[in-house]
> 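Before I ask anything, here is the structure I am working with.
Just the heavy atoms: all of them, side chains too, but no hydrogens, waters or symmetry mates, feed the values below. Naming: A, B, ... by sequence-line order, numbering from 1 per chain.
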Amino acid sequence: MAKPTRLSGFPELLPSGRVIEQYLLDVARQVFELHGFLSLETRAVEPIENLQGGEIAKEIYVLRRMHAADGEADPGLGLHFDLTVPFARYVLENSAQLEFPLRRYQIQKVWRGERPQDGRFREFTQADIDVVGSGALAFHHEIEMAVVMSTLLAKLPIPPAIIQVNNRKLAEGFYLGVGATDTQGVLRAIDKLDKIGADRVRVLLEAEAGLTREAAAKCIQLASIKTPDATFVDQVRALGVQNDLLDEGLNELAAVVAGANAERPGSVVADLRIARGLDYYTGTVYETQLVGFESVGSISSGGRYDNLASDGKQSYPGVGISLGVSRLVSVLIGRDLVSVSRAVPSAVLVAVSDEASRPASELVARQLRNRGISCEVAPSADKFGKQIRFADRRGIPFVWFPGAVQRESPEGDTVKDIRTGDQVPADATKWAPPIDDLTPRVFSTIVTTAVSEESS
RNA sequence: GUGCUCGUAGUUCAAUGGUAGAGCGCAGCCUUGUGGUGGCUGAUGUUGCGGGUUCGAAUCCCGUCGGGCACCCCA
């Protein structure tokens, strides 16, 4: 290898960062499995035409064989862009062997060719959950997705997160109701409200989406509605737009907000400016902001899709939501919102008196490991002061001193808590560290109020 | 991919175009087998990298890589 160099958009974590990431992944897996989601993994590559969802050109990394011959056909493969589209393909391919509705979680890397920015990478990890039905999928799963993600977020040592929910039927019905023909165009313009402001969006709506002045104004008014409960319905009705699809969307969104907040109060708000870039969503759409860190964008999003997977005879509607693990980790690390008790798994460093007695130290380590206590043996028989410092640097809380080397007698062994200085006699077949010291701990450095636990 | 901006010791930051520095951290000793506080001593580096202008470049110019921002898009 030549000189190692960082690669833009392909971040690598230091050991302590990886501890944080792994902790999030562990909690995610635990919460997902508690809710009955099974685990799946799909291949990293897909035929490019599968990845494109709609016709919009995505930032897809294309795969090419280095030694491809001149005339060799292009395999047309690309790295997957998200986990939902590959999952839909997987469902179609294996539908005969799967049970529906299928609840699955999937935690994998995905790749996008976009220019990297704060919290935005070219390679990052997503933790997805989806429920997919065969032919039909009950609406209540659209509530469930918000509840599961909210439950997960509440268990993590992170600032409060709020899931913002909208509904494609509501938006599309409203746009049709005011006379729009290019509802996608309207959606795209509305999506820019935060960035370019109402005035410029109004211009866009009139010029590009072909709306009348009044229609554009109403679309902007719609997008400004945001309520923590179902009262948004009255506000939308007050705009006086009539459309069946709109009514359907209003009912669904009201049900999601009411249903999710009934289970997890304050977890969800109706925010009618949420648009979502992906065009395959057909119902509820989700985005999630970290309170106080809105500028990094959504840390979790998803939605309902009715037409993503279909083999012509049977369709497989689904709903899913995805946690942006890499983005969340980068925010937590970049702003010092969490810290870790140590970056290594070892709870104990077994000191070595001299090289001749190293086997005695190894025996102690083996006895601790047999009882599930992570430990390592000092790499060299330095002065004990140095060995203690070795542990201190790594955050290893305990140093074990084997007693005088006198065969098969653990007597004389002592273990020292180097944080307090307490040193006590100990038996490697019986001693155990406090439960909190058994594995590295990840804790929030800002939230002083306890992370709200279950409300159910 | 386009545009803007930043890049100095492990780290946080200094240095009018004129000898590259400070705090923290690190190493050694005070401390002959138990760290942290304290004292003394010491090393930090091809100023991201490559070119160019200049008697002379950390400083100005070009390119490139990396960080950030905006566009685009989105976890």
> Consider the side chain of A:Gln117, meaning its heavy atoms from C-beta on, and name the nucleotide among B:C74, B:G66, B:A70 that approaches it most closely.
B:A70
> Show your working on salt bridge (Lys or Arg N to Asp or Glu O under 4.0 Å) between A:Arg202 and A:Glu206 and close with a plain yes or no.
CA-CA 6 Å; A:Arg202 184 174 294 115; A:Glu206 291 179 29; 5.0 Å; no
> Any side-chain N or O of A:Ser298 below 4.0 angstrom from OP1/OP2 of B:C74?
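The answer is no; no side-chain N or O of A:Ser298 sits under 4.0 Å from OP1 or OP2.
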> Consider the side chain of A:Arg188, meaning its heavy atoms from C-beta on, and name the nucleotide among B:U34, B:C73, B:C74 that approaches it most closely.
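From the listed options, B:C73 comes nearest.
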> Kindly point out which of B:C74, B:U34, B:G66 is positioned nearest to the side chain of A:Glu114?
B:C74
> Mind listing the residues from residues 384-391 of chain A sitting with a heavy atom below 4.0 Å of RNA chain B? Number order is fine.
A:Phe384, A:Gly385, A:Lys386, A:Gln387, A:Ile388, A:Arg389
> Consider the side chain of A:Lys416, meaning its heavy atoms from C-beta on, and name the nucleotide among B:C72, B:G66, B:U34 that approaches it most closely.
B:U34
> Can you tell which of B:U32, B:A27, B:G66 lies closest to the side chain of A:Lys383?
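Closest of the options to the side chain of A:Lys383: B:U32.
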> Do the side-chain N and O atoms of A:Tyr305 and A:Asp130 include a donor-acceptor pair separated by under 3.5 angstrom?
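On atom types as modelled, these side chains qualify, holding a pair under 3.5 Å.
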> Identify whether NZ of Lys or CZ of Arg in A:Arg394 sits under 6.0 Å from the centre of the six-membered ring of A:Phe390 and within 45° of that ring's axis.
yes
> Checking side-chain polar atoms at under 3.5 Å, does A:Glu142 have a donor or acceptor matched by the opposite partner on A:Thr284?
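Yes, side-chain donor-acceptor contact under 3.5 Å.
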> Could you measure between the two P atoms, the one in B:U19 and the one in B:G28, and give it in whole Å?
34 Å
> Find out whether the Lys NZ or Arg CZ of A:Arg304 is both under 6.0 angstrom from the six-membered ring centre of A:Tyr286 and within 45° of the ring's axis.
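No; the conditions do not both hold, so A:Arg304 does not lie above the ring face of A:Tyr286.
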> Which atom pairs link the protein and nucleotides 3-7 of chain B when you take only N or O atoms and keep those under 3.5 Å?
{"from": "B:G3", "atom 1": "O6", "to": "A:Arg115", "atom 2": "NH1", "distance (Å)": "2.9"}

> With a 4.0 Å cut-off on heavy atoms, is A:Lys192 in touch with a base, just the backbone sugar-phosphate, or nothing at all?
sugar-phosphate
> Is there, by distance only and without an angle test, a donor paired with an acceptor across the side chain of A:Asp392 and the base of B:G35 below 3.5 Å?
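Between B:G35 and A:Asp392, which were checked side chain against base, a qualifying N/O pair under 3.5 Å is present.
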> Go through B:G33, B:C74, B:C69 for me and flag the one nearest to the A:Asp118 side chain.
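Among B:G33, B:C74, B:C69, the one nearest the side chain of A:Asp118 is B:C69.
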> Side chains of A:Gln423 and A:Thr414: donor-acceptor distance under 3.5 Å anywhere?
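Yes.
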> In dot-bracket, 5' to 3', how would RNA chain B read with Watson-Crick or G-U wobble pairs under 3.5 Å, [ ] for crossing ones and | for pairs to another strand?
(((((((..((((....[..)))).(((((.......))))).....(((((..]....))))))))))))....
> Tell me whether the guanidinium CZ or amine NZ of A:Arg104 lies under 6.0 angstrom from the six-membered ring centre of A:Phe87 and within 45° of its axis.
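Yes - A:Arg104 lies over the ring of A:Phe87, closer than 6.0 Å to its centre and within 45° of its axis.
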> Return yes if a side-chain donor-acceptor contact under 3.5 Å exists between A:Ser150 and A:Arg264, otherwise no.
yes
